[in-house]
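Below is one structure; the comments refer to it alone.
Counting from 1, the numbers follow the sequence of the chain as shown.
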Amino acid sequence: MSAHWLPSAGDVDGRAVGVACGTVSAVALLWWLRKGHSVKSEYYGRVRRRLDLERHRRQLLTQQLTAGGQLMTVRRQLIVELPLAQLIEQLQSGKITATEALRAYQAKALEVTQLYNCVTEFVLNADERAAALDALPESKRGPLHGVPISVKDSIDLEGFDSTLGLAKYLDRPAASNATLVQTLIDLGAVPFCKTNVPQTMLSFGCSNPVWGVTTNIRDPARVPGGSSGGEAVLVAAGGSPLGLGSDIGGSARVPALFSGCCGFKPTCGRVSSSGLRSVMPATTGIRATVGFLAREPSDVRRVLRLITTPLPGADMYRLDPLLPRVLWNETLESAGRPWRVGYLSELPFCPVTPGVRRVITETVSALEAAGMELVPFQLDCGPAEVQLFMETVQPDNGAHLLRSVADEEVDVCIGTLITLLKLPHWLRRLLRWATDRHFRYLPTRLRAWTADPEQAVVLRAAQDQYVQRTVTRWRAARLDLLLLPGFACPPLPHDKVAELIMGGLYTMLMNMLNFPAGILTVNKETEEDQAALEHYPTPSVELQWFKDASCGALGQPLGVQVAALPWMEEQLLAGMCDIERAIEKHYRKT
């Protein structure tokens, strides 16, 4: 009898191969799942350990600072309420010691961060620095003797992490100070804390899975701006007299606008950027620069003058020999006549909400009443300019950014950006076609793609041409300063910030032009502004989102942006001080 039911040798081999392949696949899948679980466990464990450590440190600091059951004593409250100029004067004279100033701002920062989660780490050995300063004779005190300063997470501070909101950078402390930080220390300042940022810093929100969510001072459902959001909140809430941030698309200015303080971006190259961390190892046409957060433009003016006026023991140019030696030039602080100011109420491609338009109009009236000469001005801004900015900021099509978030929890504030960058080029083209009719900005974001090295050269040429066109138009109008919005709408809700990044076109263009620019708080969103949203144009999906996001923003700060030509920081800050006085006088009258 034939054994036809028995498997042939070929069948046995085939089944064996199939079983083997299945086994290998199952083992591989199990290994991958375990590996992913292991990576996530390590990730959460690293974050948990670090947060526990920082929580313990804050408890110790709170215990050390508590006096009579209070953190903010009357004396400390009086100190933190002093304008920077008066604080410096009293520190110089010894009426306030460096230790007293430090403890006052530590106590205030503890209270502020309890409310808004803006501080990531406190510098616990800052008291040693303050004590050393107190031991100095008056003749040895630097110009910023004893002034406490806060530092953005991404700026190197010796012995502390620069995490960018990424767990992979925890427990990797900086070996030295950023050049700007060291220069301020040499001038007598005391760094006392580091502040929160959005994950990777490429967002106008301020949240990450490591340090958590920093909230808007007036509404926890809204963002404080980013990426220097922690700095802006701390300064605006009175927890720091001077904050160090950075800016590549509005990262110092938008948080100042959303939080209600002064934010300033110098010309890239005017102040050393050595020691600023980024997910990008380098950029081509648009580079990040340091930024300053303060209560008043006069504070930034005072500090920038000191930084760019080298002293024997405090010389930024010695610390960074590659930095152009552009010293402070007092002759630029006055035009010898009333300022001639160009004003731009809105970009047609990115219309502003009624409240934003109102503060521009009221500021124009205030400046005219103060005797300044106001002339209308316009900047080129459409899909081509937006695409140029995006491709110039990320010439690698997001490759380094995607690597930076590998094995990380992706925060909601950058979720849309990461999703777009992961799309294959063919799918980007398909989605661009599908969304072109109903979306204003998304097709341009999908179009932004650097195809080859030759295109990178074309991009740089296009940027140079854009700058030259703008400068030519500026000179033809004989402008000293430019007044324009800082963002298209009031502060956004947390869940809308990733989709509405194009509201920041007003600050992004200043980076692409490399113009110095600053933010002044003018007024607040009113009930009339909210009612007028009914007439805000919504021909595209995103503009409807802007309208929806602005509803409920009653009481949020509104401000203006002021810009000047490159290397004209002296003129710009002098002009900002004059504009601020004119605004204050205007609102006192009304």
Side-chain angles (χ1 to χ4, degrees), residues 247-250 253 264-270 283-287 289 324 326 329 331-352 360 363-364 367-368 372-393 395 444 448 455-486 502 504-518 560-576 578-579:
D247 198 305
I248 194 172
R253 290 161 291 155
F264 188 81
K265 176 202 84 71
T267 307
C268 189
R270 185 71 193 262
T283 53
T284 51
I286 300 176
R287 294 181 295 149
T289 181
V326 184
N329 185 351
T331 64
L332 298 176
E333 296 185 67
S334 173
R337 52 170 171 73
W339 299 113
R340 184 174 169 87
V341 183
Y343 67 93
L344 184 158
S345 298
E346 72 175 3
L347 298 167
F349 187 62
C350 187
V352 298
I360 291 288
T363 301
V364 168
L367 301 191
E368 289 177 332
M372 300 185 198
E373 188 177 1
L374 276 293
V375 294
F377 191 79
Q378 191 56 254
L379 293 169
D380 294 336
C381 183
E385 286 74 26
V386 174
Q387 183 176 344
L388 176 61
F389 176 86
M390 297 186 65
E391 291 179 348
T392 307
V393 167
T444 302
Q455 187 178 348
V457 176
V458 172
L459 282 175
R460 185 54 193 267
Q463 183 186 355
D464 290 345
Q465 292 165 10
Y466 180 73
V467 172
Q468 190 57 55
R469 286 198 309 273
T470 305
V471 170
T472 299
R473 189 178 303 163
W474 181 294
R475 287 177 171 165
R478 297 180 292 109
L479 301 184
D480 298 313
L481 305 167
L482 175 63
L483 178 76
L484 70 162
M502 287 302 150
L505 282 176
Y506 295 90
T507 53
M508 295 174 188
L509 291 180
M510 297 303 104
N511 292 88
M512 191 155 71
L513 291 164
N514 196 22
F515 285 10
V560 295
Q561 183 178 194
V562 189
L565 289 176
W567 312 104
M568 298 295 284
E569 282 77 9
E570 297 91 338
Q571 178 173 289
L572 174 57
L573 285 164
M576 288 178 67
D578 290 343
I579 291 171

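By the neighbour-count criterion of 12 heavy atoms within 6.0 Å, atom CZ of Arg475 is sparsely surrounded, having that number or fewer from other residues, nucleotides or ligands.
Looking at Thr363 and Tyr343, their side chains never come closer than 4.5 Å, going by heavy atoms from C-beta outward. Residues Val467 and Asn514 are not in side-chain contact: their nearest non-hydrogen atoms beyond the backbone lie 4.5 Å or more apart. Side chains of Phe515 and Leu572 form no contact here, defined as non-hydrogen atoms less than 4.5 Å apart.
Judged as a side chain to side chain donor-acceptor pair (under 3.5 Å), and not counting sequence neighbours, Gln571 has no contacts. Residues that satisfy the side chain to side chain donor-acceptor pair (under 3.5 Å) test with Asp380, not counting sequence neighbours, are Arg469, Arg473. Looking at residues two or more places apart in sequence or on another chain, you find no side chain to side chain donor-acceptor pair (under 3.5 Å) involving Glu385.
Taking CG of Leu479 as the start and CG of Leu565 as the end, the distance is 8.0 Å to the nearest 0.5 Å.
With Tyr506 contributing its side chain and Gly250 its backbone, the two residues share no donor-acceptor pair below 3.5 Å. Not one N or O on the side chain of Glu373 forms a donor-acceptor pair closer than 3.5 Å with the backbone of Pro338. Using modelled atom types, no side-chain atom of Asp480 and backbone atom of Val341 make a donor-acceptor pair closer than 3.5 Å. Within the 3.5 Å criterion, the main-chain N or O of Val352 finds a donor-acceptor partner in the side chain of Glu346. Without hydrogens or angle criteria, Gln561 side chain to Gly518 main chain gives no donor-acceptor distance under 3.5 Å. Thr289 places no side-chain N or O within 3.5 Å of a backbone atom of Asp247 that could act as its donor or acceptor partner. Side chain of Gln463 to main chain of Gly285: a donor-acceptor pair is present (N/O by atom type, distance under 3.5 Å, no hydrogens or angles).
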